[in-house]
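One-based numbering along the sequence shown. Any value given below was found using the heavy atoms of this structure, including those in side chains, with hydrogens, waters and symmetry copies removed. Start at 1 and go down the list; that is how both ligands and their atoms are numbered.
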Amino acid sequence: MILMNDFKAEPEELRLAQLSAVDRVLRSGWYVLGNEVKTFEAEWAQRCAMPYAIGVGNGMDAIEIGLRALGIGAGDEVITTPMTAFATVLAVLRAGAIPVLADINPETALLDPASVERCISAKTKAVLLVHLYGQIRDMESWTALCETHGIALLEDCAQAHLAQWNGKTAGSFGQFGAYSFYPTKNLGALGDAGALVCNDETIAQQAGILRNYGQSVRYYHTELGLNSRLDEIQAALLRVRLEKLPEFTQRRREIAQAYREKINNPHIQLLAAPLQETSHVYHLFVLLCPERERLANYLKANGVENYVHYPVPVHFQTPCKELRCDPNGLPAAEFHAANCLSIPCHPQMSDADIATVIAAINAFH
Ligand SMILES: Cc1ncc(COP(=O)(O)O)c(C=O)c1O
């Protein structure tokens with residue numbers, strides 16, 4: 001089976017480097033928020049060309065902590081997309097704020113600015129973009145839209161490590177960027193991990209306080225914070241895996257390019273190609289098919305694993321049915337959820353694997 005992710009096939013040299021990083025932490029005798037975390041934070045900030053990175057427990061907490069650090073909470077509306085991991089919207093709710101859902105552009109599955117404009121109210125405090133599947137686009141327009149309305153621009157970068165728009169990295173356009181390092185992400189730990197990147201020292205400090213029970217100085221609490229600390233073993237592993245990230249990202253792009261050039265089945269539609277070479281890091285390669293279930297089963301029967309990201313848009317999830325949405329509805333998100341299928345696109349795929357996936361898809365009728 002060609003898997004969606006194949007960690008067991010990773011290079012032996014990477015396995016050994018990770019073992020040695022774990023050994024270093026064990027020998028240090030310090031396991032939570034120590035030098036490995038500090039060094040990883042500095043390295044990740046540098047990769048994102050940002051002054052501050054704050055390691056936290058996971059990507060969802062990064063969003064919640066970012067919102068709380070900005071003072072966005074009770075009574076405040078945050079406009080975001082229904083076509084995302086549930087964690088995006090759950091984080092807004094956990095910060096005490098009110099998510100409002102705008103529709104997507106059907107060609108990219110990214111938020112549609114016209115729909116976002118229709119959702120803006122007197123209570124709107126922010127737009128939370130999700131760089132879905134690894135795509136970043138049109139950031140000047142988003143910056144301008146948020147400036148015009150006097151609201152914050154926030155970025156959920158959980159799927160977009162190192163994605164760049166006009167040479168600027170995801171997470172650097174607005175008030176904060178929230179990253180997940182869940183194992184399957186382009187940069188993944190071997191457990192849960194996340195980080196917030198930002199330009200503002202006060203927000204960085206506040207995030208550092210919130211992640212650790214709201215403690216400003218040991219045992220002195222200025223906030224009711226979370227326990228969302230990054231541990232030393234995960235930070236040490238992330239440092240090793242970060243070295244591989246550019247090479248792994250390049251391989252994802254090669255696979256995607258082969259798919260774009262060679263998938264030619266008329267029953268299958270691909271999402272829009274990226275506008276810039278570095279503006280897509282292919283966390284996922286997603287196609288659309290009106291007979292999605294039949295295609296999914298056919299591919300599995302032919303040795304190609306596949307998933308759906310995401311089968312249920314957020315406004316159809318039980319706890320979110322009452323959320324305010326675009327007054328014109330969310331038809332593009334609903335269509336996408338019913339038709340999208342993610343096929344394998346990970347750095348351990350061989351050329352033969354890529355050819356097998358393409359041949360299987362082209363033979364589907
Ligand atoms: C777009 C998006 N946002 C947020 C998250 C949440 O990250 P985590 O699982 O690390 O909490 C994820 C991960 O699934 C995601 O894909």
Side-chain angles (χ1 to χ4, degrees), residues 4-5 37 40 44 53-68 78-95 97 99 101-102 104 108-111 126-137 142 153-163 170-171 173-174 176-197 207 210-211 226-231 234-235 237-238 241-242 252 271 280-286 307-315 317 320 333 336-337 340 342 345-346:
M4 287 295 286
N5 290 290
V37 170
F40 171 68
W44 185 241
I54 303 93
V56 297
N58 54 68
M60 187 174 97
D61 286 356
I63 301 171
E64 178 185 341
I65 288 172
L67 288 165
R68 291 184 58 183
V78 176
I79 301 173
T80 192
T81 168
M83 185 40 60
T84 183
F86 191 68
T88 308
V89 171
L90 183 52
V92 175
L93 289 163
R94 293 202 49 102
L101 301 172
I104 57 170
T108 58
L110 301 174
L111 265 178
V127 174
L128 173 54
L129 294 182
V130 178
H131 301 311
L132 195 71
Y133 306 147
Q135 317 170 81
I136 182 165
R137 265 189 189 240
W142 285 114
L153 176 63
L154 314 175
E155 295 173 74
D156 178 342
C157 309
Q159 304 188 357
H161 308 76
L162 300 191
F173 292 88
F176 70 73
Y179 282 91
S180 164
F181 305 120
Y182 183 78
T184 58
K185 301 301 192 223
N186 287 26
L187 175 61
L190 273 64
D192 277 310
L196 191 77
V197 296
L210 285 167
R211 76 175 167 184
L226 294 76
N227 177 351
S228 187
R229 300 175 293 224
L230 181 53
D231 69 67
Q234 297 306 341
L237 291 165
L238 283 165
R241 298 184 68 83
L242 179 52
R252 287 175 188 273
L271 295 185
H280 203 329
V281 292
Y282 290 100
H283 172 59
L284 292 167
F285 193 95
V286 175
Y307 294 153
V308 174
H309 299 95
Y310 296 91
V312 184
V314 170
H315 59 298
Q317 300 284 0
C320 292
H336 188 84
C340 64
S342 310
C345 181
H346 67 78

Trainee: Looking at Val92, is its backbone amide N or carbonyl O close enough to the side chain of Glu64 to form a donor-acceptor pair, meaning the two atoms are under 3.5 Å apart?
Mentor: no
Trainee: Is Arg252 close to Val281 at the side-chain level, that is, under 4.5 Å between some pair of heavy atoms?
Mentor: no
Trainee: Report the residues that fulfil side chain to side chain donor-acceptor pair (under 3.5 Å) with Thr84, sequence neighbours left out, ordered by chain and then residue number.
Mentor: Thr88
Trainee: Kindly indicate, with the supporting measurements, whether the criterion side-chain contact (heavy atoms from CB on, under 4.5 Å) is fulfilled by Leu101 and Thr80.
Mentor: CA-CA 5 Å; Leu101 301 172; Thr80 192; 4.1 Å; yes
Trainee: I'd like to know if the side chain of His309 and the backbone of Met83 have a donor-acceptor N/O pair within less than 3.5 Å.
Mentor: no
Trainee: For Asn186 and His283, which I'm curious about, is there any donor-acceptor pair between the side chains at under 3.5 Å?
Mentor: yes
Trainee: Report all protein residues having a heavy-atom distance below 4.0 Å to some atom of ligand 1; order the list by chain, then number.
Mentor: Asn58, Gly59, Met60, Thr84, Ala85, Ala87, Thr88, Val130, Asp156, Ala158, Gln159, Ser180, Lys185, Tyr310
